[in-house]
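This report refers to the structure that appears directly beneath it.
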Amino acid sequence: MAKRTYETDAIRVHWDSERCIHTAICLRSLPEVFDNANHPWVTVDGAPADKVAAAIERCPSGALTYERLDGTAGEQPAGPVEIVPRPNGPLSVRGAIVVRDVAGEVFVETTRATLCRCGQSQNQPFCDLSHRRAGFEDNPRVIPQERGSARSPAELTPTSEDQREEVHGDSQAE
């Protein structure tokens with residue numbers, strides 16, 4: 001696992017390359033600190049600690065994290081956990097996240113993560129961009145408009161007959 005740490009008196013930045021999905025949000029947010037043409041690619045003293053922290057909090061994967069060393073509060077979870085599927089890609093998760101292993105032990109606690117949904121990642125449960133090589137595409141099924149008036153999940157979950165009809169065009173009435 002390739003983890004690096006960069007720091008000043010005010011902030012310590014951690015980068016976990018195995019969690020990075022290369023969105024380049026950090027590069028665009030604060031190029032005077034994050035520049036992959038430089039070695040090292042993180043120059044923490046290139047901007048005030050508050051700006052560095054704000055740029056890091058935009059990282060969707062949680063590959064970039066920070067600790068404040070100047071007494072300022074660190075990153076706080078953004079409200080309740082929010083899970084959003086990225087088009088043809090991973091699940092973007094934000095909030096107070098606890099990921100457990102198969103034995104139920106805490107694997108990681110974080111505020112941001114991108115979780116694999118294609119099943120191909122070699123870094124499960126995190127995305128490693130394998131969905132691109134695998135040609136993963138979202139399920140095109142449209143969420144029914146009845147969703148808002150449903151009284152239970154069963155009303156929105158297709159039965160095996162409904163699924164067979166969608167796939168094969170079968171109908172019990174025929």
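The figures here come from the full heavy-atom set of this structure, side chains too, leaving out hydrogens, waters and symmetry mates. In this chain, residues are counted from 1 in sequence order.
Separation of atoms CD (E75) and CD (E67) is listed at 12.0 Å; rounding is to 0.5 Å. Atom-to-atom distance recorded for R132:CZ and Q120:CD is 15.0 Å, nearest 0.5 angstrom. Remark: D45 CG to E7 CD distance equals 11.5 Å, nearest 0.5 Å. We find the CZ-CG distance between R58 and L64 to be 12.5 Å, quoted to the nearest 0.5 Å. Atoms CG and SG, from N36 and C26 in turn, are 8.0 Å apart once rounded to the nearest 0.5 Å.
Here K51 does not pair with E32 in a salt bridge; the nearest charged N to carboxylate O distance is not below 4.0 Å.
The hydrophobic clustering, which links ILVMFWY residues whose side-chain heavy atoms are closer than 4.5 Å, places F34 and I21 apart. By the rule that hydrophobic residues join a cluster once side-chain heavy atoms approach within less than 4.5 Å of another member, V52 and L69 end up as members of separate clusters. Note: the hydrophobic cluster containing V44 also contains L27 (ILVMFWY, side chain heavy atoms under 4.5 Å, direct or indirect links). In the hydrophobic clustering of ILVMFWY residues, with side-chain heavy atoms under 4.5 Å counting as a link, V81 and V98 come out apart.
Within the 4.5 Å cutoff, side-chain heavy atoms of I25 are placed close to those of P60. Contact check for F126 versus L115: side-chain heavy atoms found under the 4.5 Å cut-off. Taking the side chain as every heavy atom from C-beta outward, R117 and R86 never approach each other to under 4.5 Å. By the 4.5 Å heavy-atom criterion applied to side chains, T5 and K3 are not counted as neighbours. Between P87 and D138, some side-chain heavy-atom pair lies under the 4.5 Å cut-off.
Open room surrounds CG on D9; 12 or fewer heavy atoms of other groups in view lie less than 6.0 Å from it. In this structure, R4 places its CZ atom where only 12 or fewer heavy-atom neighbours from other residues, nucleotides or ligands lie under 6.0 Å away.
Aromatic ring orientation, Y6 versus W41: perpendicular (interplanar angle above 60°, classes split at 30° and 60°).
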